[in-house]
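Since the structure is predicted, the reported quantities are computational estimates derived from the model, not experimental observations. Residue numbers start from 1 in every chain, and the chains themselves are labelled A, B, ... in the order their sequence lines are given, proteins ahead of strands.
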There are 2 protein chains.
Amino acid sequence: MKTIVERKLVKGAAAPPAAGRAQTEVQNEPMVDFIELFFFAYRDFVGDADRLLENYGFGRAHHRVLHFVSRRPGLPIAALLDILKITKQSLNRVLKQLLDAGFVEARPGAIDRRQRLLFATANGARLAQELAALQSERFRRVFGELPPDAQDAAADFLLAMVNSSDRERVRAHLSPRRRRRDEIA
Amino acid sequence: MKTIVERKLVKGAAAPPAAGRAQTEVQNEPMVDFIELFFFAYRDFVGDADRLLENYGFGRAHHRVLHFVSRRPGLPIAALLDILKITKQSLNRVLKQLLDAGFVEARPGAIDRRQRLLFATANGARLAQELAALQSERFRRVFGELPPDAQDAAADFLLAMVNSSDRERVRAHLSPRRRRRDEIA
DNA sequence: AGAAATATGTCAATATAGCTGACGTAAGAG
DNA sequence: CTCTTACGTCAGCTATATTGACATATTTCT
């Protein structure tokens with residue numbers, strides 16, 4: 001029986017079809033490097049935590065929720081949804097698992113009792129810290145290999161990459177030392 | 001006070017192991033900032049392309065395949081799997097759609113005819129370029145807002161973030177100008 | 001007070017992107 | 001001629017996301 005493979009193959013391998021391609025913009029070219037670098041860097045960055053999370057039966061979604069809840073104690077649901085840019089239905093499955101497992105807890109808001117404010121439990125904080133330690137190792141290695149000003153440069157670069165609509169909010173949650181860096185603007 | 005800003009990489013120079021607990025504590029804190037910055041930066045970076053891809057009925061998976069096929073004409077399946085770190089079954093669904101849609105084509109290898117070498121078609125190259133242009137815009141804005149040396153600093157940073165096992169291969173695919181930057185072995 | 005808006009939960013159906021395991025086939029390598 | 005490699009494919013499963021509809025408190029507005 002003839003396979004689909006044979007049908008799809010183009011007979012007589014010769015020159016690539018789009019042979020004369022893409023000399024279009026010279027200034028465009030170097031940015032393609034960044035697209036690729038960013039992909040690989042992020043791929044390996046998240047890969048670290050993934051292995052640890054498996055031991056707990058959690059995935060990346062749980063990691064993100066736990067991270068932000070632990071970093072922003074008392075975070076309301078709506079704020080978390082806005083950070084993650086997902087729907088409440090998506091969040092709910094993951095959040096419920098974290099609540100059931102006792103890594104996160106929710107308390108009704110004191111001012112607005114419709115809100116459920118999220119907090120990491122002791123266990124949750126411990127796991128969050130374990131995960132952060134793992135990923136911090138990578139950053140520490142990286143900055144150990146680079147000149148001393150690389151940390152500030154990287155922080156500036158990453159912050160600039162964020163959509164301007166969210167940039168100030170992201171910056172507001174950096175540690176005070178780093179946040180102060182470009183308040184001179 | 002900093003004396004000289006050394007831009008060259010300190011290769012293989014093992015970072016000093018934790019000198020003291022107090023310092024570890026201090027160094028730990030800012031890294032959490034980077035974890036968060038990296039998340040937000042990547043979230044918005046990929047968000048750009050997602051909107052364009054919807055018009056074609058494609059997702060991120062298609063984007064990644066198209067990107068690497070277009071950047072590495074004649075890429076064999078196995079190499080693509082290794083780059084993406086996914087299984088062939090996962091790749092196959094996505095790749096088949098790109099083949100059927102005429103954005104990618106496969107030719108048997110000239111040396112090893114078991115291989116299917118992947119190429120972007122003219123249409124595929126056009127879409128890849130459109131996507132790259134979109135994402136390049138963000139980088140161009142970012143580097144427009146930062147000092148002139150930020151571009152090299154960002155490239156060094158991102159490359160250092162990649163697992164050492166893949167770093168040389170990633171670097172080998174950078175544009176020659178950038179690749180030459182730290183060939184000082 | 002009553003209506004409207006808000007914050008959240010939930011049910012159902014669906015899409016996408018990944019996975020493991022098992023099996024098949026053509027072609028290179030020993 | 002066997003073994004291995006490079007790939008395709010079937011089947012079934014999981015994780016993460018989506019849209020749409022509806023329910024329930026609680027706050028806010030008129």
Worksheet entry | Side chain of B/I77 (C-beta onward), nearest among D/dA17, D/dT4, D/dC7 | D/dC7
Worksheet entry | For atom NE2 of B/H62 and atom P of C/dG18, their distance in whole Å | 10 Å
Discussion item. Please compare A/Q89 and A/I111 by the position of their nearest nucleotide in DNA chain D and report the one closer to 5'.
Written reply: A/Q89
Fill in: Sugar-phosphate, base or nothing in reach of B/R60, heavy atoms under 4.0 Å
sugar-phosphate
Fill in: Donor-acceptor under 3.5 Å (A/R113 side chain, A/P108 main chain)
no
Fill in: Spacing between A/L84 atom CG and C/dT8 atom P, to the nearest angstrom
13 Å
Worksheet item: B/V104 pairs by side-chain contact (heavy atoms from CB on, under 4.5 Å) with which of B/L95, B/V94, B/N123?
Response: B/L95
Worksheet item: Is the shortest side-chain N/O distance from B/N92 to OP1 or OP2 of D/dC7 below 4.0 Å?
Response: no
Fill in: First encountered from the 5' end of DNA chain D, between A/K88 and A/G109
A/K88
Discussion item. Can you identify which nucleotide, out of D/dT18, C/dG18, C/dT8, has its nearest atom closest to the B/A61 side chain?
Written reply: C/dG18
Worksheet entry | Short side-chain N/O contact to C/dA17 OP1/OP2 from B/S90, under 4.0 Å | no
Worksheet, complete the sentence: Of D/dT16, D/dT18, C/dT8, the nucleotide closest to the side chain of A/R64 is D/dT16
Item to complete: Record whether the side chain of A/R113 comes under 3.5 Å of the base of D/dT26 through a donor-acceptor pair of N or O atoms.
Response: no
Response to the item:
Separation of D/dT16 atom C1' from A/L80 atom CG, nearest Å, is 15 Å
Discussion item. As a test of reading the structure: which of D/dC7, C/dG28, D/dT16 is closest to the side chain of A/R93, going by heavy atoms?
Written reply: D/dT16
Discussion item. So for B/R114 and D/dT5, does any side-chain atom that can act as donor or acceptor lie under 3.5 Å from a complementary atom in the base?
Written reply: yes
Worksheet item: So A/F39 and B/Y42, ring pair (Phe, Tyr, Trp, His ring centres under 6.0 Å) or not? Walk me through it.
Response: CA-CA 9 Å; A/F39 165 76; B/Y42 196 77; 7.7 Å; no
Worksheet item: For D/dT18, does OP1 or OP2 lie under 4.0 Å from any side-chain N or O of A/T87?
Response: yes
Practice prompt. Please work out whether the ring planes of A/F34 and B/F143 are parallel, tilted or perpendicular, with thresholds of 30° and 60°.
Written response: tilted
Fill in: Spacing of B/D112 atom CG relative to C/dT25 atom P, expressed in whole Å
19 Å
Fill in: Main-chain N/O of A/L174 paired to A/R179 side chain as donor or acceptor, under 3.5 Å
yes
